[in-house]
Amino acid sequence: MTIRVCIAGATGWAGSELARAIASAADLRLVAAVARKHAGQILGEVLGEPRLTGLIHASASYALANPCDVFVEYTKPDSAKSNIMTALEHGAHVVVGTSGLTDDDFAQIDALARKKRLGVLACGNFALTAALLQKFAETAARVIPQWEVIDYAHDDKVDAPSGTARELAFRLSKVRAPEPTIPLARTVGPPETRGATVSGTQVHSVRLPGYVIGVEIVFGMPDQRLTIRHDAGNSARPYVAGALIAIRKVDTLIGVHRGLDAVLDF
Ligand SMILES: NC(=O)c1ccc[n+]([C@@H]2O[C@H](COP(=O)([O-])OP(=O)(O)OC[C@H]3O[C@@H](n4cnc5c(N)ncnc54)[C@H](OP(=O)(O)O)[C@@H]3O)[C@@H](O)[C@H]2O)c1
């Protein structure tokens, strides 16, 4: 059976790499794409991949006039939520790669997805090493009650913290709340220096030239420390394999699930 896919953001850095991989996958067919600058053009002509015959549309609602099984959201934080809601209204399962959505956004998306009996798989980071970091961090948090997260990205990344850091903080909040020795309210000096509180975790976002994407979680105990870190290089390749798994498995879910391991066995 062929899975019909629509990618929002198919001309972008991450979406175009995924679209090319879909062109090579026998069980997937890209039926439509969303992006503004190249709207009205065939995706394959823009990407130099003749097997991608779907048309690019300026909005998700136009693209979803073509029936699809899975809608992939890979645009920008300001358009992501409405694209996802539109896709659910059209009866498509959704894979979310875009960062910047909040826990509240996901709660609203979850309510609609459950009403429609559809799956939404949101992965702040589709890279396998990032999925492993999330899993190992959950294990560590069961044992160690104090941790902080540092999120590294290139200087022109508009959103902070990263989707990976948000997802990590959200997942750790389901394990336990961290127990800082000095509560934030008792900080002497500017409390902002202690980072932002995201789902109960202190998150520090570094945005500088020279970084691509990385996330680090540091667990501290008296006289010992555990650091778990994921770093990705310049290409969008690390995100492709995970996104393909998500597209193939999202129909096994109902409601919002965060993290690739929702569909991985480890
Ligand atoms: N989960 C992961 O593993 C992962 C990996 C990489 C990136 N990301 C995230 O994915 C998102 C995209 O990253 P990127 O680096 O691929 O960005 P990008 O290169 O700027 O691509 C964005 C794409 O979305 C389209 N777009 C942007 N705003 C739109 C709108 N309002 N309506 C319709 N189309 C719109 C753009 O085309 P037009 O400008 O022509 O509209 C382009 O095709 C970011 O949030 C990034 O943090 C996640």
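The chain is numbered in sequence order, starting from 1. In each ligand, atom 1 is the first atom listed, and ligand 1 is the first ligand listed.
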Are any of the N or O atoms of [X] closer than 3.5 Å to those of ligand 1?
X: Tyr239; result: no
X: Trp13; result: yes
X: His38; result: no
X: Ala127; result: no
X: Gly12; result: yes
X: Phe126; result: yes

Residues in side chain to side chain contact (heavy atoms under 4.5 Å, CB included) contact with Thr139, at least two apart in sequence or another chain
Arg142

Pair Asp159 + Lys157, salt bridge at N-O below 4.0 Å
yes

Could you tell me if any non-hydrogen atom of Gly124 lies under 4.0 Å from any atom of ligand 1?
yes

4.0 Å heavy-atom contact, Cys123 with ligand 1
yes

Number the atoms of ligand 1 from 1 as they appear, then name those within less than 4.0 Å of a heavy atom of [X], with their elements.
X: Gly97; result: 1 (N), 2 (C), 4 (C), 8 (N), 9 (C), 10 (O), 48 (C)
X: Lys157; result: 47 (O)
X: Thr11; result: 37 (O), 42 (C), 43 (O)

Phe136 meets the ring-ring contact (aromatic ring centres under 6.0 Å, His included) criterion, sequence neighbours left out, with none

Mark yes when over 12 heavy atoms from residues, nucleotides or ligands other than Asp156 sit less than 6.0 Å from its CG; otherwise mark no.
yes

